[in-house]
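Note on naming: letters A, B, ... go to the chains in the order of the sequence lines (proteins, then strands), and numbering restarts at 1 for each one. Here the structure is a predicted model, which is why all the values come from computation and not from measurement.
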There are 2 protein chains.
Amino acid sequence: MWAGRDCSGVVDTQDAPDLDLIFAALADPTRRAILASLLDGERKVGDLAEPLPMSLAAVSKHLQILARAGLVSQLRDGRVRTCRLEPDGLAAAFVWMQGFGAFAMEDYDALERYIEATLAEDEAGEEPR
Amino acid sequence: MWAGRDCSGVVDTQDAPDLDLIFAALADPTRRAILASLLDGERKVGDLAEPLPMSLAAVSKHLQILARAGLVSQLRDGRVRTCRLEPDGLAAAFVWMQGFGAFAMEDYDALERYIEATLAEDEAGEEPR
DNA sequence: GAATTATTCAACCAAACGGTTGAGTTTTGT
DNA sequence: ACAAAACTCAACCGTTTGGTTGAATAATTC
């Protein structure tokens, strides 16, 4: 992976086709807030929108962007649309970044320990509902 | 982390201030190609630009964006500007995503194994120069 | 010191982004 | 059947993005 000499010969070498969409989706604080709130479990569009300082239509568009990136999915049940986090989308970006860190991060072990600690603490804290 | 009830009460709750910049920087394929090419080691701006299908000025702007996000740094030595990967910037985004995955990913172990494999293979393959 | 090399700066342009409002479109409730 | 609820769609608007070109800057070479 990342074969040495010409990994940038063509711009998009072996890039997963939707990393653009995924990272772009993550680049907005509103969208990250939505994702964070979905960590708690499924949510209706309206419930997601309620705390956010913008119109329902704006939130709807944000959700479309998250859906197109494969980060959330919407299940329509009656007139209500329920949103849920889609783990695999995140995984793609995560793996890409990891492939990076393997080379570049010096304090990889420290990071690993930090992550382990966080993970354990979270699992103790509350269930994902 | 991600305290249950109102993690989205305000949009930017405890967000690292530059996640916007980091993810936005990663959202462009040209910029990811530049980062990938920097995995090999330091590079002059011109050398980074050479394989890319755009003007030098465009690449210069991409590098500014990467620098503002803290993902690369430029060391000017004479008239030549040498770019290097900045690991800590990536780590911030990485940790954010990890905090996410801890809750959401079902196949966490599989992912971990995949990562371990990739890491081992890469370390065997070539040195980062 | 004049020309060349390496890179940024500034102005511009089309397209995309993040928001708005107002009008659909389905369900649900009475 | 009617009105309200829960959305999405469409059109618009100001700002940012990703590229261009041409000029500016700075260090090297002749």
Exercise. When you match A:A57 and A:G78 each to their closest nucleotide on DNA chain C, which lands nearer the 5' end?
Worked result: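 Nearest-nucleotide comparison on DNA chain C picks A:A57.
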Problem set entry | Nearest-nucleotide 5' precedence on DNA chain C, A:D28 against B:V45 |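 Counting from the 5' end, the first nearest nucleotide belongs to B:V45.
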Exercise. Within the modelled atom types, does a donor on one side and an acceptor on the other bring the side chain of B:R79 and the base of C:dT5 under 3.5 Å apart?
Worked result: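 For B:R79, whose side chain was compared with the base of C:dT5, there is a donor-acceptor pair (under 3.5 Å).
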For this session: Hey, which sits more toward the 5' end of DNA chain D by its nearest nucleotide, A:K61 or A:T82?
Result: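 Closer to the 5' end of DNA chain D: A:T82.
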Exercise. So what does B:A24 touch, heavy atoms closer than 4.0 Å: a base, only the sugar-phosphate, or nothing?
Worked result: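 Nothing, no heavy atom under 4.0 Å.
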For this session: Looking at every strand, decide which applies to B:K44 at a 4.0 Å heavy-atom threshold: base, sugar-phosphate, or nothing.
Result: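 The answer is sugar-phosphate, as B:K44 gets under 4.0 Å only of primed atoms, P, OP1 or OP2.
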Any side-chain N or O of [X] less than 4.0 Å from the OP1 or OP2 oxygen of [N]?
{"X": "B:S55", "N": "D:dG19", "value": "no"}
{"X": "A:H62", "N": "C:dC17", "value": "no"}
{"X": "A:S60", "N": "D:dT8", "value": "yes"}
{"X": "A:Q74", "N": "D:dT8", "value": "yes"}

For this session: Could you tell me the separation between the CG atom of B:D77 and the P atom of D:dA27, rounded to a whole number of Å?
Result: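 Taking atom P of D:dA27 as the reference, CG of B:D77 is at 11 Å.
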For this session: Could you point out which residue of A:Q74, A:R31, A:R32 forms a side chain to side chain contact (heavy atoms under 4.5 Å, CB included) with A:L66?
Result: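 One option only clears the test, and that one is A:R31.
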Exercise. So, for B:L21 and B:A69, which heavy atoms are closest and what is the spacing to 0.1 Å?
Worked result: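 Closest pair (atom of B:L21, atom of B:A69, distance): O-CB, 3.6 Å.
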Problem set entry | Distance-minimising heavy-atom pair for B:S37 and B:L48 |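 The pair with the smallest heavy-atom distance is OG-CD2, 3.2 Å.
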